[in-house]
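The residues of the chain are indexed from 1 along the displayed sequence.
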Amino acid sequence: MMKTLRPLLWLGMLAALAACHSRSHNVEGVAEGDTLRLHYAKLLTITTAGETTLVSIRDPWDSTRTLHRYQLVPRTAETPAAQEGYTLVRTPLERVGAYSSVHCALLDELGRAEAVAGVCEPEYINLPYVQEGVKSGRIANLGNGMDPNLERIIELKPDALMPSPFEHSGGYGRLERLGIPLIECADYMEQSPLGRAEWMRFYGRLVGCGELADSLFNAISSRYNALCAMAARTRQQPLVVSELPQNGKWYVAGGRSTMGRLYEDAGGKYAFADIQSAGSVTLSVEHVIEKAVDAQVWIVKHHGPIDRAQLEADNPSLQLLKAQMWLCDTSQKKYYEETPFHPDGLLENLISIFHPEMGIKAERRYFQPEDSLRVPLFRRRKR
């Protein structure tokens, strides 16, 4: 069955590749002036009207408010006056300041890597084209994503910037006065993995690849749902805990977050599924240990090598966790670059961990068991 699922992604991409740079913003089955049917994303509304596409983003932290509205107009069309309350964006974007590795990777996958003219914190972007571009000077280093270098942005003259909004952030300060469209990437606040991935349909329209993005998403969602159906047939649900404490606090994904949903879809029982949050929450180490002391699986993302023995020496209470630790070194694996828009690959990896009896060989393997990694970076704990 897995071999049957594998070709879906490439078939969808090849079928739409020729339409990547199409001027038309219409989508098959959607009449002009109609709202594009989004199957999973709850924060987006996309409406087509002739060559114009109107996009509305609902405020993730206040459902009664709108975060931002955009009016997408082809570069070849006569410049219209922006509708009241909308930010005018000329498409396809040709020079983008991308804040996140996630969106750099998606633009590359859509065949528009050349549109990335600037990035924030390139040292954390595990993409060769970005590293090479920054080194050669083709891609500008815009500095810290929370406080980017304003002078470099002015010099770059981007068509748009792609920051991620945060609750109570107070806006974007002086950036908002530059007249550069700010594409607020609130995809990470969707409450389902496919909801977040479906934002690629919006981003695709920004760079002239709407039809390719639609086909890519259709293949991903089909594969994800097929994997869900497989996991749903399992009888046992291992108890799952995730992440590590930092400075005496433990940041865990809420039960309504994309990760909380992924653990459930993979046939796991997430220890914090009862936390009604779509983001991360801060808990005490003691509370996490109490909830997860009987966990069988411990999912950990980290940047650079870690040592379980040292972790336990720093936090002795961690010795109470008997769960098998599964590790993903994000400095080596393209976890952040791939999984937000390819949750099917992460779901497959999690199913292979939670239910080894199913015999799934994950094509994209992000997490590995601690005991499979070489010492001295990881030392097997004595029990």
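Judged by distance alone, with hydrogens and angles left aside, the side-chain atoms of N149 form a donor-acceptor pair with the main-chain N or O of R152 at under 3.5 Å. Using a distance-only test at 3.5 Å, with no hydrogens or angles considered, a donor-acceptor pair links the side chain of E121 to the main chain of G145. Q296 places no side-chain N or O within 3.5 Å of a backbone atom of Q324 that could act as its donor or acceptor partner. Looking only at distances, no side-chain donor or acceptor of R205 sits under 3.5 Å from a matching main-chain atom of A213. Checked by atom type and distance alone, the side chain of D159 pairs as donor or acceptor with a backbone atom of R95 at under 3.5 Å. In this structure a side-chain-to-backbone donor-acceptor pair under 3.5 Å is missing from R364 to G345. Side chain of Y129 to backbone of A105: no donor-acceptor contact under 3.5 angstrom is found. Under the 3.5 Å distance criterion, the side-chain polar atoms of R90 are matched with a main-chain donor or acceptor of R75. Looking at E348, its side chain never comes within 3.5 Å of a backbone N or O of I360 through a donor-acceptor pair.
If you check the side chains of D329 and S331, you find a donor sitting under 3.5 Å from an acceptor.
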Quiz: residues 241-249 side-chain donor-acceptor pairs under 3.5 angstrom, not counting sequence neighbours:
residue : atom : partner : partner atom : Å
E243    : OE2  : K301    : NZ           : 2.4

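Under the 30°/60° scheme for interplanar angles, the aromatic rings of F217 and Y40 are found to stand perpendicular. Between Y366 and Y335, the two ring planes are perpendicular [angle over 60°; tilted spans 30° to 60°]. Between F341 and Y203, the ring planes are perpendicular. Angles over 60° get that label, and only those under 30° would be called parallel.
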- [ ] Would you please test R174 and E176 for salt bridge (charged side-chain N to carboxylate O under 4.0 Å, His left out) and show each step?
- [x] CA-CA 5 Å; R174 293 184 296 167; E176 295 179 308; over 6 Å; no

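Counting heavy atoms from C-beta on, the side chains of V119 and V134 come closer than 4.5 Å. You'll find the side chain of H342 reaches within 4.5 Å of the side chain of E109, heavy atoms only.
Closest non-hydrogen pair, I153 versus P148, comes out as CD1-CB, 3.9 Å.
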